[in-house]
Every structure is written in C-alpha cells, then in structure tokens.
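FYI, side chains are in, hydrogens and waters are out, and symmetry mates aren't considered; it's all heavy atoms of this structure. Residue numbers count from 1 along this sequence.
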Amino acid sequence: WYVCTIDRVGPSGSTVYVMVSDTAQPPAFTRKWCKCSDDLKNQMLAVGLTSITNDQTISIRIDPAVDYPTINNMYLNE
C-alpha cells in the first residue's frame with residue numbers, strides 16, 4: 001500500500017486516469033499515471049476529486065514497475 005497525493009484525475013474516453021505521487025521519503029514514484037478499475041471508475045473519480053478539493057491523501061495498492069497500473073482499491077485518508 002502507498003499513501004499518495006493526487007496530482008491530476010479525470011476521464012479519457014471510457015477510462016479514468018489518476019496521476020499519483022508517493023508521500024514516503026524517499027518516494028517510490030512521483031507523478032505516476034494509473035488507470036482506475038473499470039467497475040469502480042466513477043467512485044474512484046469521486047474520491048480523487050474529493051482528495052484534490054480537500055487536500056487529502058489517498059491509499060492505493062499498485063505495482064509501480066508497471067506502465068499505467070490499474071488501481072483496484074482507493075481509500076481517502078483523514
């Protein structure tokens with residue numbers, strides 16, 4: 001699991017993409033583009049927009065070695 005900030009989020013065609021940066025020091029990745037799971041993309045878009053609006057971090061589990069890894073779980077942190 002990674003605690004991240006969201007740099008950008010939005011739809012492109014039928015896919016929702018999120019640009020995330022790991023908050024750890026040193027970070028495992030910065031400005032990494034990921035795609036949201038198709039069956040949860042609307043909910044993840046809402047979480048992403050809330051994260052940006054409220055300046056909150058998210059928790060996700062991805063493989064940062066993969067180009068455009070799929071996010072299957074995204075949680076808004078306090």
Side-chain angles (χ1 to χ4, degrees):
W1 287 91
Y2 297 97
V3 174
C4 302
T5 57
I6 295 183
D7 303 306
R8 296 176 185 216
V9 62
S12 179
S14 62
T15 304
V16 172
Y17 290 95
V18 181
M19 180 188 283
V20 294
S21 294
D22 184 20
T23 61
Q25 292 302 321
F29 51 87
T30 57
R31 300 178 63 82
K32 175 80 174 170
W33 279 110
C34 303
K35 54 186 173 178
C36 295
S37 170
D38 282 338
D39 57 338
L40 295 172
K41 63 186 173 188
N42 292 333
Q43 293 90 335
M44 290 187 188
L45 178 59
V47 170
L49 293 171
T50 301
S51 170
I52 291 171
T53 300
N54 296 327
D55 197 29
Q56 291 176 272
T57 59
I58 59 164
S59 293
I60 59 173
R61 189 169 61 180
I62 62 167
D63 179 357
V66 175
D67 287 336
Y68 296 95
T70 299
I71 301 172
N72 293 305
N73 296 306
M74 178 189 292
Y75 300 100
L76 187 64
N77 297 324
E78 293 182 35

Inset, instruction - Any pair with a residue in residues 40-51 that passes side-chain hydrogen bond (donor to acceptor under 3.5 Å, both in side chains), sequence neighbours left out, goes on the list, sorted by first then second residue, please. - result: none
Inset, instruction - Kindly give the heavy-atom pair with the smallest separation between Val3 and Asp22, and that separation in Å. - result: O-OD1, 3.2 Å
Inset, instruction - Determine which pairs satisfy side-chain hydrogen bond (donor to acceptor under 3.5 Å, both in side chains) with at least one residue from residues 7-17, sequence neighbours left out, and list them in order. - result: Asp7-Ser21
Legend entry - Non-neighbouring partners of Asp63 that pass side chain to side chain contact (heavy atoms under 4.5 Å, CB included), sequence neighbours left out: Ala65, Val66
Legend entry - All side chain to side chain contact (heavy atoms under 4.5 Å, CB included) counterparts of Val47, not counting sequence neighbours: Ile58, Met74, Leu76
Inset, instruction - Only pairs at least two apart or in different chains count here, so list each side-chain hydrogen bond (donor to acceptor under 3.5 Å, both in side chains) that has a residue in residues 67-78. - result: Thr57-Asn77, Ser59-Asn77
Inset, instruction - Check whether Ile71 and Ile52 end up in the same hydrophobic cluster, where Ile, Leu, Val, Met, Phe, Trp and Tyr are linked by side-chain heavy atoms less than 4.5 Å apart. - result: yes
Inset, instruction - Would you indicate whether the side-chain heavy atoms of Met44 and Val16 approach each other to under 4.5 Å? - result: no
Inset, instruction - Might you point out which heavy atoms bring Phe29 and Val20 nearest each other, and give the distance in Å? - result: CE1-CG2, 3.7 Å
Inset, instruction - Could you list the residues that satisfy side chain to side chain contact (heavy atoms under 4.5 Å, CB included) with Ala46, not counting sequence neighbours? - result: none
Legend entry - Leu45 vs Cys36, side chain to side chain contact (heavy atoms under 4.5 Å, CB included): CA-CA, chis, key distance, verdict: CA-CA 8 Å; Leu45 178 59; Cys36 295; over 6 Å; no
Legend entry - Where at least one partner belongs to residues 30-39, residue pairs that pass side-chain hydrogen bond (donor to acceptor under 3.5 Å, both in side chains), sequence neighbours excluded: Ser37-Asp39
